[in-house]
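Reminder, nothing fancy here: chain letters follow the sequence lines and each chain counts from 1.
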There are 2 protein chains.
Amino acid sequence: MATQLTKDSSDRSPESDQKSAAAPRRRLRAVNREQQIIDEAVSFFAEKGFSGQTRELGARLGITQPLLYRYFPTKRDLIERVFNEVYLNLESPDWSNLLTDRSRPLHDRFCDFYGAYSDMTYRYEWIRIFMFAALMGEKLNRRYTQLVEKKILTPMCDELRHYCDQPSIEEKPIRQLELDHIWVMHGGLFYYAIRKHIYHGRVSKDFPAIVSRAVAVMLAGSKAISAQASYQTTNG
Amino acid sequence: MATQLTKDSSDRSPESDQKSAAAPRRRLRAVNREQQIIDEAVSFFAEKGFSGQTRELGARLGITQPLLYRYFPTKRDLIERVFNEVYLNLESPDWSNLLTDRSRPLHDRFCDFYGAYSDMTYRYEWIRIFMFAALMGEKLNRRYTQLVEKKILTPMCDELRHYCDQPSIEEKPIRQLELDHIWVMHGGLFYYAIRKHIYHGRVSKDFPAIVSRAVAVMLAGSKAISAQASYQTTNG
DNA sequence: CTGGTTATTTATCATCTGATAAACTAAAAT
DNA sequence: ATTTTAGTTTATCAGATGATAAATAACCAG
């Protein structure tokens with residue numbers, strides 16, 4: 001209670017007549033200001049969640065809160081723009097090319113993929129906004145995980161089948177259980193970013209080493225297991 | 001203003017003389033009411049997050065909002081009790097006994113552990129409250145992950161070393177990278193619950209099958225990898 | 001049945017918070 | 001220099017929200 005939001009305007013004496021230091025209210029072109037707001041909003045909402053208040057966002061930008069409403073009709077509209085900003089990059093890259101180039105060892109392909117993928121998504125802002133959105137019940141997350149299943153995990157699955165001398169996904173369709181198996185590795189690596197950026201826990205810096213080992217174990221283990229009948233796809 | 005808080009007292013006609021249906025304001029003993037509030041608060045905050053409003057919580061309980069403040073001085077106090085309720089169960093069970101019983105196959109031990117562990121933690125309320133708390137910056141999560149590392153992952157690591165004919169953790173201490181390796185499987189399985197309860201994504205029902213396969217692959221893969229020099233602990 | 005205890009409600013406060021309208025002013029146009 | 005445009009602030013609203021005090025009534029003891 002009584003958490004004063006009024007900043008320190010009270011303890012700034014009215015005698016402070018330093019004109020130059022007073023930051024003479026610079027004006028930006030609309031397009032620039034809008035982008036500036038979005039950029040700061042990404043950082044702000046990533047830190048505070050979407051219940052963060054518009055006045056505080058304004059303060060971080062050095063502008064007043066009503067100015068936000070010149071550029072975004074509602075807070076919700078601003079949030080949608082933030083989603084776009086963070087999410088838009090995801091459609092663009094075509095990971096499957098990286099994953100399915102069979103002229104290279106599978107281990108290397110997976111490692112390189114996670115190098116690129118983690119650069120894009122294992123970031124403080126990305127991870128946290130993604131999780132905040134998920135907890136809010138945004139549809140964004142389901143759409144994204146479906147995209148991941150289609151564009152990343154399914155190709156991975158096919159390559160893994162090939163690696164283990166098993167029929168391709170065209171010959172034998174993928175079951176959810178098989179996707180979930182790949183999800184364990186994929187989610188396990190993603191969880192590294194969750195531990196880092198959401199739990200603020202201690203994680204080793206050498207993420208490529210984690211990836212390399214996880215991939216190596218997964219490949220070797222899958223090959224060994226696929227030799228046993230019990231883990232084969234049961235339809236046959 | 002004039003958002004009527006009085007529930008549906010307005011649209012209940014004064015002629016409704018059904019004494020029984022009118023729910024004549026039952027009183028509970030303080031202890032029972034307190035527990036009832038906590039139980040509902042767990043469900044409520046799990047769904048809405050901790051920015052959920054006390055009036056809505058009261059409505060779900062069929063009581064007025066000020067009554068909450070008879071039992072909990074502030075909303076924060078109620079939240080702390082919710083943390084306790086969800087978190088308290090964690091200290092009690094001693095997983096290491098289950099994990100370190102070398103008279104049983106390691107695969108079975110790991111599978112049984114995840115059966116019990118998931119029953120406790122892969123629940124809607126637990127997962128979501130845990131994630132909400134983490135995003136709020138609560139210290140609960142770091143404490144918990146440290147507990148997991150100490151009580152679960154470290155024993156697992158030791159058993160895995162033994163399984164791969166490597167020196168015990170007493171002979172050669174565990175590095176963070178090695179913990180992170182186990183974290184990939186552990187977090188990967190936890191991520192199944194995240195996909196289910198936070199993303200509301202499609203997951204296969206047969207979680208034990210996922211565990212069994214993930215464990216089998218991890219064990220076989222680790223054994224295969226440990227034969228290669230490149231993935232040995234480098235100090236030696 | 002009566003009176004006391006206390007669980008519960010009603011009424012209300014103070015502040016927060018998203019949003020709007022009008023005044024203001026820096027920068028561009030003439 | 002003057003006018004015009006448009007970026008920004010000041011003032012303010014309406015509803016939301018955590019919290020408090022006093023009134024009410026259900027339950028229990030005698």
Next on the checklist: Counting the atoms with a prime plus P, OP1 and OP2 as sugar-phosphate, which does A/Arg70 contact under 4.0 Å by heavy atoms, base, sugar-phosphate, or nothing?
Outcome noted: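 If one applies the 4.0 Å heavy-atom cut-off, A/Arg70 turns out to touch a base.
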Next on the checklist: Over all strands shown, is A/Phe72 touching base, sugar-phosphate only, or nothing at heavy-atom distances under 4.0 angstrom?
Outcome noted: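 Nothing, no heavy atom under 4.0 Å.
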Item to check | DNA chain C: 5'-proximal contact among B/Gln65 and B/Ala30 (nearest heavy atom) | outcome: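 Closer to the 5' end of DNA chain C: B/Ala30.
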Checklist entry - Which of the following nucleotides, C/dA7, C/dT25, D/dT9, is nearest to the side chain of A/Arg27? => result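 The answer is C/dT25, which lies nearest to the side chain.
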Checklist entry - Among C/dT8, D/dG18, C/dA21, which is the nearest nucleotide to the side chain of A/Pro66? => result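 The listed nucleotide nearest to A/Pro66's side chain is C/dA21.
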Checklist entry - If you take atom types as modelled and just measure distance, does the side chain of A/Arg55 reach the base of C/dG18 with a donor-acceptor pair under 3.5 Å? => result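 Between C/dG18 and A/Arg55, which were checked side chain against base, a qualifying N/O pair under 3.5 Å is present.
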To the nearest Å, give me how far apart [atom1] ([X]) and [atom2] ([N]) are.
X: A/Leu67; N: D/dG7; atom1: CG; atom2: P; value: 9 Å
X: B/Arg33; N: D/dA26; atom1: CZ; atom2: C1'; value: 12 Å
X: B/Lys48; N: D/dG18; atom1: NZ; atom2: P; value: 13 Å
X: B/Leu68; N: C/dT9; atom1: CG; atom2: C1'; value: 13 Å
X: A/Leu78; N: C/dG18; atom1: CG; atom2: P; value: 11 Å
X: B/Leu61; N: C/dT9; atom1: CG; atom2: C1'; value: 15 Å
X: B/Gln36; N: C/dA7; atom1: CD; atom2: P; value: 14 Å
X: B/Arg76; N: D/dA19; atom1: CZ; atom2: C1'; value: 17 Å

Checklist entry - Which comes earlier along DNA chain D counting from the 5' end, the contact point of B/Arg29 or that of B/Lys75, where each point is its nearest nucleotide? => result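 Looking at the nearest nucleotide for each, B/Lys75 comes out on the 5' side.
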Next on the checklist: If the cut-off is 4.0 Å, is B/Tyr71 near the phosphate of C/dT8, judged by side-chain N/O to OP1 or OP2?
Outcome noted: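 Answer is yes, contact under 4.0 Å.
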Item to check | D/dT8 phosphate, OP1 or OP2, under 4.0 Å from A/Thr64 side-chain N/O | outcome: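 So the side chain of A/Thr64 is outside the cut-off, no N or O lying under 4.0 Å from OP1 or OP2 of D/dT8.
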Looking at [Y] and [X], is there a salt bridge between them, counting it only when a charged N and a carboxylate O are closer than 4.0 Å?
X: B/Glu138; Y: B/Arg76; result: yes
X: A/Arg195; Y: B/Asp180; result: yes
X: A/Arg60; Y: A/Glu47; result: yes
X: A/Glu34; Y: A/Arg29; result: no

Next on the checklist: Could you check whether B/Tyr87 and B/Phe130 have their ring centres less than 6.0 Å apart?
Outcome noted: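 No - the distance between ring centres of B/Phe130 and B/Tyr87 does not fall below the 6.0 Å cut-off.
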